[in-house]
Amino acid sequence: MENSISIADDEKIIQDLLPGKFNTTGKVWVGILTAISLVGVYAYYRQLRYGLIVTNMRDYVSWGIYISNFVFFVAISLVGSLITAVFRLAGVKWGTPLTRIAEMIAVAAIIFASIIIIVDMGSPERFYNLFIHPRIQSPIMWDVIVITTYFFISILLLYYPLLPDIKILLRFKEKSGPALYKFYSFLGSFWKGSHKQYLLSKKAINVLCITIIPVAFTIHTVTSWLFATTYRPGWDSTNFGAYFIAGAFLVGAGGVVVAMYIFRKCNSLEKYITLDHFDKMGRVLVLLALLYLYFNVNEFLTPFFKMKESEAGYLKDLLSGSFAPMFWFAVLTGIILPIIVLLFKKGRRPLPMFIVGIMVVVGAWFKRYLIVTPTLLHPFLPMHDVPKAYHYYFPSWEEWAISMGSLAGAMLIITLLSRIFPIIPIQETLTEHHHETAAQNI
Amino acid sequence: MDQKIGVKYIFKLNEMEPENNSRRGFLLTGLAVAGLVAGCTQKKDPFEAGAEEQAMASGKTVKLLSVDGEVIEVDEAFLKPVPHMPPVSNTEARVGIPGKKFVMVIDLSRCKNLKICQAACDHAHELSPGQNWIKVRPMQDAEHTAPYWQPTLCMHCDEPPCVKVCPVDATFKRQDGIVLIDHDRCIGCRFCMAACPYSTRVFNWGEPEISTEIASEPYTPESPFPQKKGTVGKCDFCADMTRRGELPHCVTACPNNVYLFGDMNEDSVSNGSETFRFSDLIRDRGGYRLMEDLGTKPSVYYLPPVNRNFPFESGLENDKLQNS
Ligand code: SF4
Ligand code: SF4
């Protein structure tokens with residue numbers, strides 16, 4: 001008797017969580033993202049044809065929003081390891097429904113991090129030189145190695161936990177349609193769900209969870225070293241690695257909150273992503289924001305106090321000069337306001353959390369912009385006798401199109417993944433559900 | 001004929017005596033003139049057979065562009081083919097000239113921002129407008145100290161940050177001290193530009209504006225031609241000139257003898273008309289290098305702007321011309 005109820009429950013859960021076709025909003029959304037990405041592709045075609053001259057980067061600001069975007073993508077990709085690995089190893093159970101969302105974001109972000117770095121290259125056709133003439137003392141080489149590693153671990157961390165779910169998906173041939181059915185069988189038909197396979201996969205996931213944490217820390221630290229290994233005022237900081245990691249966890253968690261809210265709304269997952277989840281993510285977010293605030297104080301207060309000659313121009317420009325509006329906007333929306341809102345219980349409800357999540361992500365994007373540009377505009381030797389355009393930097397339409405295209409592309413990947421795979425791990429939900437009912441029955 | 005574009009030799013290269021006299025073409029016309037002038041003004045010349053010295057004026061003149069961008073008229077009979085240099089292989093170019101250690105000394109007391117060095121460099125290397133390998137900056141160390149003009153170019157650092165960060169070994173340091181870029185290998189990541197504290201590197205953002213003749217020149221990292229889209233450029237200490245035993249273009253072009261160039265191993269530097277013992281010059285005139293605290297160990301030394309030949313203001317109008 002009890003058993004049949006549980007089977008009915010199971011079927012209900014499965015039906016709830018199966019990925020469904022896009023409704024009109026979904027289709028429009030995909031259409032918009034595709035259109036933005038295509039504009040980006042066109043802009044990149046122009047850049048390939050005419051060279052980086054189509055951007056507004058020049059000899060002083062030789063890195064622009066492409067690199068900011070790269071840092072942003074690397075940052076947001078860190079969330080996969082935060083939610084999947086850190087939560088898992090710390091024994092945080094409530095995170096389970098969020099793991100797949102986090103991994104999808106991580107995979108999409110890391111893919112576009114690699115793409116955008118190639119977009120930034122002046123001679124992308126010589127990309128292979130990185131493999132035939134590598135020089136290991138260059139931080140770029142470290143980045144190539146660690147991004148590749150992180151990419152594969154993230155893919156595997158998405159894939160292994162999917163296997164039991166694919167077995168379930170294969171049961172619904174009519175629902176998924178022949179093409180997807182074929183795809184599912186290709187990915188997971190070998191998975192029988194036997195005890196042996198289960199143990200093996202569990203072990204693999206554990207190994208991946210343990211390896212991904214150092215790799216995740218490394219990937220963002222190395223990205224910070226791209227800057228910190230130079231002499232430039234504003235980048236020449238020993239705090240950079242930690243500062244970047246703290247910021248990355250914050251924006252990643254913010255991204256998950258946004259995704260949680262949207263998926264919950266669109267796929268009616270209120271039963272699985274509960275108010276409790278928002279509350280707990282809110283607490284995590286406020287903790288991360290406080291941590292990031294701490295590193296920001298370290299990053300800016302100490303040089304501000306000393307005001308060394310080489311740093312003075314850069315700092316003044318950032319704190320009270322032409323970059324000040326953006327700087328204070330990024331700090332307020334990205335760190336301070338979220339902390340204030342999230343400290344209240346009311347602030348940790350879904351809608352305010354969603355808004356806070358967006359603020360965090362937008363603030364973080366601008367923060368990345370501020371890491372790159374102001375420093376480059378304040379070299380050691382004064383800029384003199386250069387064309388007017390070298391003194392300022394505002395991205396050209398091609399740069400905006402490519403950057404927005406890459407953001408849209410990342411969202412497109414997340415959207416498509418959520419169309420193909422269940423956003424919430426079905427098997428794990430079932431197992432947990434069984435545990436719960438078992439506990440209740442005792 | 002202006003004495004200042006004459007080329008003098010500061011050191012001799014024993015291993016290379018070019019025999020082949022086929023004309024290298026249009027691109028080196030500037031050099032041809034320079035060589036000619038040298039031939040007229042200087043008897044002892046390691047690279048010349050001496051045949052030109054007997055040449056009689058033919059009465060027909062041609063117009064030529066000198067290295068510093070002036071149009072000059074020369075009798076045809078004095079035109080001398082530029083010795084053909086076989087293009088240096090990439091490996092050779094990466095090794096450098098054995099036994100040399102090139103240094104430059106810049107005398108700040110003589111600079112009045114004429115920018116002739118810059119023009120000569122731009123012209124010789126076919127730099128696109130706005131791209132300068134030599135930049136002359138107005139500097140003032142503190143509020144109440146005297147301002148001065150400071151030419152900067154690639155410092156050819158002995159601990160070059162740009163070389164450290166290059167992921168593909170496209171920018172490299174040779175054993176003769178010159179830091180060069182292999183435009184065939186550079187992937188255009190611009191990390192070296194972020195890393196160079198002296199902001200000397202420039203980027204070919206678009207297709208460089210060069211004539212077809214130059215575009216068809218064989219490329220070596222040592223000769224500056226042709227520039228390539230999507231790669232980084234910078235002062236190369238005129239590696240092609242130094243291989244021939246000649247002074248860099250900026251040194252010969254500057255009418256005020258601001259620049260001195262030479263070999264640290266021989267301990268001599270020359271501006272084309274005078275030669276000094278490098279160590280004496282640095283010691284007696286208080287030579288120093290820029291941003292010593294960064295540990296980059298530049299190969300470019302500065303002599304402080306004391307007892308200046310010109311007031312600071314004398315260069316200001318050149319900036320106005322340049323920027324208009
Ligand atoms: S001055 Fe700049 S470009 Fe030249 S060697 Fe030093 S770091 Fe490299
Ligand atoms: S831009 Fe070219 S030379 Fe500079 S670091 Fe990158 S590959 Fe090396």
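Residue numbers begin at 1 in each chain, while the letters A, B, ... track the order of the sequences. As the structure is a computational prediction, the values presented were derived from the model and not from experiment.
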Check this for me: [X], atom [atom1], are more than 12 non-hydrogen atoms of other residues, nucleotides or ligands nearer than 6.0 Å?
X: A:Glu309; atom1: CD; value: no
X: A:Phe305; atom1: CZ; value: no
X: B:Tyr288; atom1: OH; value: yes

Could you tell me if the side chain of [Y] sits less than 4.5 Å from the side chain of [X], heavy atoms only?
X: B:Thr231; Y: A:Ser123; value: yes
X: B:Lys164; Y: A:Ser138; value: no
X: A:Met141; Y: B:Pro167; value: yes
X: B:Arg190; Y: A:Asp120; value: yes
X: B:Phe191; Y: A:Pro139; value: yes
X: B:Trp205; Y: A:Asn56; value: no

Closest-packed option against chain A by number of heavy-atom pairs under 4.5 Å, given [options]:
options: B:Ala195, B:Pro197, B:Ala194, B:Ser199; result: B:Ala194
options: B:Pro161, B:Ala170, B:Pro129; result: B:Pro161
options: B:Val165, B:Leu294, B:Val202; result: B:Leu294

Portion of [X] that has a non-hydrogen atom of chain B nearer than 4.5 angstrom:
X: A:Phe227; answer: neither
X: A:Ser62; answer: both
X: A:Leu48; answer: backbone
X: A:Trp235; answer: side chain
X: A:Tyr390; answer: side chain
X: A:Leu226; answer: both

Identify which of [options] forms the greatest number of heavy-atom pairs closer than 4.5 Å to chain B.
options: A:Val144, A:Asp59, A:Ile117; value: A:Asp59
options: A:Tyr50, A:Trp63, A:Tyr60; value: A:Trp63
options: A:Thr230, A:Asn129, A:Leu130, A:Thr375; value: A:Asn129

message: Closer than 3.5 angstrom, by distance alone: can the side chain of B:Asp169 be matched with the main-chain N or O of A:His133 as a donor-acceptor pair?
response: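 Checked: no pair found.
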query: Counting only N and O atoms by type, is there a donor-acceptor contact under 3.5 Å from the side chain of B:Arg137 to the main-chain atoms of A:Pro382?
result: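 Indeed, once roles are kept as given, a pair shorter than 3.5 Å links the two residues.
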Region of B:Val232 that comes under 4.5 Å of a non-hydrogen atom in chain A: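 No part of B:Val232 comes within 4.5 Å of chain A.
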task: Answer with side chain, backbone, both or neither: which region of B:Lys229 has an atom nearer than 4.5 Å to a non-hydrogen atom of chain A?
output: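 Backbone plus side chain of B:Lys229, per the 4.5 Å heavy-atom cut-off to chain A.
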Working to the nearest 0.5 Å, report the span between [atom1] of [X] and [atom2] of [Y].
X: B:Met193; Y: A:Met57; atom1: CE; atom2: CE; result: 10.5 Å
X: B:Cys189; Y: A:Ile140; atom1: SG; atom2: CD1; result: 3.5 Å
X: B:Ile187; Y: A:Arg126; atom1: CD1; atom2: CZ; result: 9.5 Å
X: A:Tyr231; Y: B:Asp293; atom1: OH; atom2: CG; result: 9.5 Å
X: B:Leu290; Y: A:Leu381; atom1: CG; atom2: CG; result: 6.5 Å

